[in-house]
Amino acid sequence: MSIETRNEIRNVAIIAHVDHGKTTLVDAMLWQSGIFRENESVRERVMDSIDLEREKGITIMAKNTAINYRGTRINIVDTPGHADFGGEVERTLKMVDGVMLLVDASEGPLPQTRFVLRKALEASLPPIVVINKIDRPDARTAEVLDEIFDLFIDLDASEDQLDFPVLYCNARRGTCRTEPDGPDTTLEPLFEAILSAVPAPRFDPAFPLQLLITNLDWDDYVGRLAIGRVFNGNIVKGQEVSLCRHDGTVATAKVTGLYGYQGLKRVDIADAGPGDIVAVAGLDDVWIGETISSRDDPRALPHIKVDEPTIAMVIGVNTSPMAGRDGQHLTSRKIKERLEKETLTNVSIQVAPTDSADSFKVSGRGELQLAILIEMMRREGFEMSVAKPEVLTREIDGVRHEPMEALVVDCPEEFIGVVTQKVGERRGRMTKMVNHGTGRVRMEFRLPSRGLIGFRSEFLTDTKGTGIANHLFDGYEPWQGEIAHRSTGAMVADRPGRTTGYAIEHLQPRGELFILPGAEVYEGMVVGENAREKDIDVNITKEKKLTNMRASTSDEAVHLVPPRQMSLEQGLEFLAEDELLEVTPTSQRLRKKILPAVRRK
């Protein structure tokens, strides 16, 4: 068995915690490799092609690009940094032979850094460490490097993996150093490090074609595209191939189109060999993790195993009195089709039927991932109602276990008490606390996943917006007991109509309101948060009675407090068991599951 290598190719993934500068570094690499013309107009963070990615400043879908450097083709895969999109990272690591670990020069390794690095080390991928944002005034490069070494040792890295090259970058300016206080150069040392540290693809010439599908895409002209890496053999346009499915069956298909990557463009190619990352057209019924192999000698590669979902929510038809005013897709059939389409390209989302034909149970890796799915559906013209997220428990040896999370909090010293108290109420326990002496403290906790539902908005309020919280799935433990969710009740409209400033002014002492004067409401719609535990039915459409009698004070101006405008994530966090979030393309409303007040009593 003779193993050969293709020295003209390198496959590398960029992994890091969210917002440490992965996509910005890819921008600089693309510019300095000469992919763009001098006068070409290219927007910032060019790899973040989805509108939501650009708005939120995070990467949601893993994407790949390719550059040429000194005759070597470097395939670069940009991965999401958020734990909720970890399924994307796990798939991506199957396509590459090495990783670039990016760490912020001030924040150091954070939970997602640990998660992605553990996956890379388990796959025996050699790392290149890049310490980014060295221009930050609070940069502490030497300490961060020590923390990275500690993390490698903690994750049982081998001696070879510990011998990693370290580079110091400013991705925004596109500069790189080999020493912390050395001179700034172009990204050339980074390209050289990729060539020397990342091994070339290895293959066995005796093996037939084996291409592992790690991503799916859609093209309006050629249909479904299966994206993956060729591990052995060659694939040619027009070739008859076998598709080795998850259930062990083998189907035949024809490669009608074959595409490679050059910069950000997908280009037509005639054939591809071991180590190439390509997109294949002509396979309609194909799933992530399946293998394209030789028609005469089909051999499947090991399937991709992705961590199971930990959180679920029920998405159903919008049944409110205002349904059908904004959206184009309203029926359960349309919602089901859209959710099933999502499972084709997103391995970490699962859809299951419920007792009702009008609703579906959608499971994912976290609240943010499911909120992103709802936001994308909303923008596509869907109307739906969403129930409160719930964690997925499992039985182990007859005992109910629930998912746990490792929570890392970074906040000013004066908020230690309030943060510890809030996490304690949610069944969390502190495992570590570090004071860097800069006025900020880093605390690590372990708590149940359900304890994080609704935590982020409370945490930001308690720390006056200065705190940073990151969390990561951390195994299962026996059920931790009850956790109080919301200590306040809801103000619920008791009749349909339009809200008035007069009614709102009189309700303000009762709690915080969510809507403006003149907004349309219906019976059972949640219009505010009651300061007390119980829900109260309120008349928010009440008008001031007009009489002939006038006093000097009768026409005083109405003083209104600005209402609380909630984002989609905040709305999901606010939900109680008996409430739903109504989502339409132009608005979102909180409501009770049972609308008539008489039936709710």
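Residue indices begin at 1 and follow the sequence shown.
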Given the rule in the side chain to side chain contact (heavy atoms under 4.5 Å, CB included) test, do Arg229 and Lys94 qualify, once you have shown the distances and angles that lead to the verdict? CA-CA 8 Å; Arg229 170 181 165 171; Lys94 291 274 185 188; over 6 Å; no
Just wondering, more than 12 heavy atoms not from Lys361 lying within 6.0 Å of its NZ? no
Side chains of Ile515 and Ile540 in contact at under 4.5 Å (non-hydrogen atoms): yes
Working to the nearest 0.5 angstrom, can you tell me the gap between Ile349 CD1 and Leu339 CG? 8.5 Å
Give the minimum heavy-atom separation between Met566 and Gln588, together with the two atoms involved. O-NE2, 3.0 Å
Under 3.5 Å, is there a donor-acceptor pair linking the side chains of Thr319 and Arg591? yes
Arg394 side chain near Arg400 side chain, heavy-atom distance below 4.5 Å: no
Closer than 3.5 angstrom, by distance alone: can the side chain of Thr463 be matched with the main-chain N or O of Phe459 as a donor-acceptor pair? yes
Verify side chain to side chain donor-acceptor pair (under 3.5 Å) between Glu383 and Thr584, making sure each step is shown before the conclusion. CA-CA 4 Å; Glu383 280 193 20; Thr584 75; 5.2 Å; no
Leu370 CG to Glu375 CD distance, which is reported to the nearest 0.5 Å: 13.5 Å
Would one find more than 12 heavy atoms of other residues, nucleotides or ligands at under 6.0 Å from atom CD of Glu477? yes
If the threshold is 4.0 Å, N to carboxylate O, is there a salt bridge linking Asp535 and Lys592? yes
Decide yes or no on side chain to side chain contact (heavy atoms under 4.5 Å, CB included) for Leu575 and Leu590, but give the supporting numbers first. CA-CA 8 Å; Leu575 284 176; Leu590 291 159; 3.6 Å; yes
Determine yes or no for a side-chain-to-main-chain donor-acceptor pair under 3.5 angstrom, with Ser449 supplying the side chain and Pro403 the backbone. yes
For the student: nearest non-hydrogen atoms of Leu572 and Ala371, plus distance: CD1-CB, 3.9 Å
Is any NZ, NE, NH1 or NH2 atom of the basic residue among Glu402 and Arg450 found under 4.0 Å from an Asp or Glu carboxylate oxygen of the other? yes
Mind checking the CD1-CD spacing from Ile311 to Glu405? Nearest 0.5 Å is all I need. 8.0 Å
Does atom CZ of Arg564 have more than 12 heavy-atom neighbours from other groups under 6.0 Å away? yes
If every non-hydrogen atom of Ala13 is compared with every non-hydrogen atom of Val96, which pair is closest and at what distance? N-CG1, 3.7 Å
Given Glu337, which partner from the list Arg333, Lys334, Lys341 fulfils the salt bridge (charged side-chain N to carboxylate O under 4.0 Å, His left out) test? Arg333
To check you understand the geometry: which heavy-atom pair defines the closest contact between Ala503 and Asn539, and what is its length? CB-O, 3.8 Å
Any side-chain donor paired with an acceptor under 3.5 Å for Asn318 and Ser385? no
Any chance you could lay out the salt bridge (Lys or Arg N to Asp or Glu O under 4.0 Å) test for Lys388 and Glu579, step after step, and finish with the verdict? CA-CA 7 Å; Lys388 182 187 175 201; Glu579 292 167 358; over 6 Å; no
Residues Glu529 and Thr488: side-chain donor-acceptor under 3.5 angstrom: yes
With a 4.5 Å limit on heavy-atom distance, are the side chains of Leu211 and Ile213 in contact? yes
Short question: side chain of Arg378, backbone of Pro585 - any donor-acceptor pair under 3.5 Å? yes
Counting only heavy atoms not in Lys593, do more than 12 sit closer than 6.0 Å to its NZ atom? yes
Would you sort out whether Val362 and Leu373 count as a side chain to side chain contact (heavy atoms under 4.5 Å, CB included), showing the intermediate values? CA-CA 10 Å; Val362 183; Leu373 170 62; 4.0 Å; yes
Taking Glu523 for its side chain and Pro596 for its backbone only, find out whether a donor-acceptor pair lies under 3.5 Å. no
Residue pair Thr331 / Val317: nearest heavy atoms and the distance that separates them: C-CG2, 4.2 Å
Return the CG to CD1 distance between Leu516 and Ile504, rounded to the nearest 0.5 Å. 7.0 Å
Euclidean distance, Ser587 OG relative to Arg325 CZ, rounded to 0.5 Å: 9.5 Å
Heavy-atom closest contact (Leu225 atom, Ala281 atom, distance): CD2-CB, 3.7 Å
Heavy-atom distance under 4.5 Å between the side chains of Gln328 and Phe382, does that happen here? no
For Gly518, is there any backbone N or O sitting under 3.5 Å from a side-chain donor or acceptor partner on Arg498? yes
Does any part of the side chain of Val527, heavy atoms only, come nearer than 4.5 Å to the side chain of Val521, both counted from C-beta? yes
Polar contact flag, side-chain donor to acceptor under 3.5 angstrom, Ser359-Thr354: yes
In the structure I gave you, are the side-chain heavy atoms of Val280 and Leu258 within less than 4.5 Å of one another anywhere? yes
Phe574 and Phe514 aromatic ring geometry - parallel, tilted or perpendicular at 30°/60° bounds: perpendicular
Given 3.5 Å as the limit, does a donor-acceptor pair link the side chain of Thr500 with the main chain of Lys542, or not? yes
Tell me if a side-chain donor or acceptor on Glu340 pairs with a main-chain N or O of Val351 at a distance below 3.5 Å. no
Run the side chain to side chain contact (heavy atoms under 4.5 Å, CB included) test on Phe415 and Lys464 for me, step by step, so that the C-alpha distance in whole Å, both residues' side-chain angles and the decisive distance to 0.1 Å come before the verdict. CA-CA 9 Å; Phe415 301 121; Lys464 299 189 169 74; 4.2 Å; yes
To the nearest 0.5 angstrom, please state how far the CZ atom of Phe455 sits from the CZ atom of Arg426. 6.5 Å
Can you confirm whether more than 12 heavy atoms, excluding those of Arg510, are under 6.0 Å from its CZ atom? no
If you define the side chain from C-beta out and look only at heavy atoms, does anything of His329 sit under 4.5 Å from Ile335? no
Do Glu290 and Leu243 come within less than 4.5 Å of each other through their side chains, counting heavy atoms only? yes
If you draw a 6.0 Å radius around NZ in Lys422, do more than 12 non-hydrogen atoms from other residues or ligands fall strictly inside? yes
How about Glu533: does its CD atom have over 12 heavy atoms from other parts shown lying under 6.0 Å from it? no
